[in-house]
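Take a look at the structure below.
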Amino acid sequence: MPELENCPKCGNLYLKNNIRDVCGSCYKEEEKLYDIVYKFLRKRENRSATTETVVEETGVEEELLYKWVRKGRLQLAQFPNLGYPCSKCGALIRTGKLCSSCAGKIKNDLEVLDKEEKRKEELRNRTYYSQN
């Protein structure tokens with residue numbers, strides 16, 4: 001269900017929904033910028049452009065480019081050097097929210113925590129006998 005919110009770019013009120021996360025006028029502006037970026041990337045010599053190159057050549061903000069990649073508007077199969085930053089360390093990734101290194105660290109930390117919890121539980125469940 002749409003919610004009334006302030007546009008994060010201009011501050012105007014708008015109905016936020018699954019499709020748009022900005023107001024109508026900012027959405028139109030983003031669409032114009034998307035067309036510029038897509039026309040740039042459609043050229044064969046620009047398909048292997050990096051994020052930095054696309055930003056320099058088109059003048060589009062990095063965050064907007066990342067947004068389009070995350071949403072799948074720019075297909076990574078066609079543009080192999082594009083991606084978006086890992087939520088934890090900022091490394092460039094192509095899927096998910098975390099890079100494999102950060103995901104591995106979190107998984108390892110969870111395994112260590114699980115082992116520690118099991119060890120604590122074993123200590124709690126031990127029965128001690130005393131000699132009288």
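Counting from 1, the numbers follow the sequence of the chain as shown.
Summarising the geometry, atom CG belonging to N46 is positioned 11.5 Å from atom CZ belonging to R44; distances are rounded to the nearest 0.5 Å. Rounded to the nearest 0.5 angstrom, T58 OG1 and K39 NZ are separated by 13.0 Å. If you take SG on C26 and CD on E31, they are separated by 12.5 Å, rounding to the nearest 0.5 Å. In this structure, the separation between NZ on K107 and OG on S100 is 12.0 Å, given to the nearest 0.5 Å. Note: L41 CG to L65 CG = 7.5 Å, rounded to the nearest 0.5 Å. To the nearest 0.5 Å, atom CG of residue L92 and atom OH of residue Y84 are 9.5 Å apart.
Transitive grouping of hydrophobic side chains (ILVMFWY, heavy atoms separated by less than 4.5 Å) brings F40 and L76 into a common cluster. No path of Ile, Leu, Val, Met, Phe, Trp and Tyr side chains, each step under 4.5 Å between heavy atoms, connects Y27 with L15, placing them in separate hydrophobic clusters. Linking Ile, Leu, Val, Met, Phe, Trp and Tyr residues whenever their side-chain heavy atoms come within less than 4.5 Å leaves L98 and I93 in two separate clusters.
Taking a 6.0 Å sphere around NZ of K43, one finds it holds 12 or fewer heavy atoms contributed by other residues, nucleotides or ligands. For E111, the CD atom counts as densely surrounded, since its 6.0 Å shell holds more than 12 non-hydrogen atoms of other residues, nucleotides or ligands.
Cation-pi geometry between R20 and Y14 is not met at under 6.0 angstrom from the ring centre and within 45 degrees of the axis.
Taking 4.5 Å as the limit, some side-chain heavy atom of W68 sits within range of a side-chain heavy atom of V60. Between E121 and E117, every side-chain heavy-atom pair lies at or beyond the 4.5 Å cut-off. No side-chain heavy atom of S101 sits under 4.5 Å from any side-chain heavy atom of C89. Side-chain contact between N6 and L13 is present, with at least one heavy-atom pair separated by less than 4.5 Å. A 4.5 Å side-chain heavy-atom check between L74 and V37 finds at least one atom pair inside the cut-off.
For the residue pair A77 and R94, the shortest heavy atom distance occurs at N-NH2, 4.1 Å. For Q78 against P80, the heavy-atom pair with the smallest separation is O-CD, 3.5 Å. For the residue pair K9 and V22, the shortest heavy atom distance occurs at CG-CG1, 4.3 Å. Contact between P85 and G90 at its shortest, heavy atoms only, is CB-O, 3.7 Å.
Classification of D114 and K118 as a salt-bridged pair holds, one side-chain N sitting under 4.0 Å from a carboxylate O. Look at K67 and E30 and you find a salt bridge, because one of the NZ, NE, NH1 or NH2 atoms lies within 4.0 Å of a carboxylate O, short of that distance.
E62 meets the side-chain hydrogen bond (donor to acceptor under 3.5 Å, both in side chains) test with Y66; sequence neighbours excluded. Looking at residues two or more places apart in sequence or on another chain, you find no ring-ring contact (aromatic ring centres under 6.0 Å, His included) involving F79. Annotation: side-chain hydrogen bond (donor to acceptor under 3.5 Å, both in side chains) contacts of E116 (sequence neighbours excluded): R119.
At least one donor-acceptor pair under 3.5 Å links the side chain of N81 to the backbone N or O of S48.
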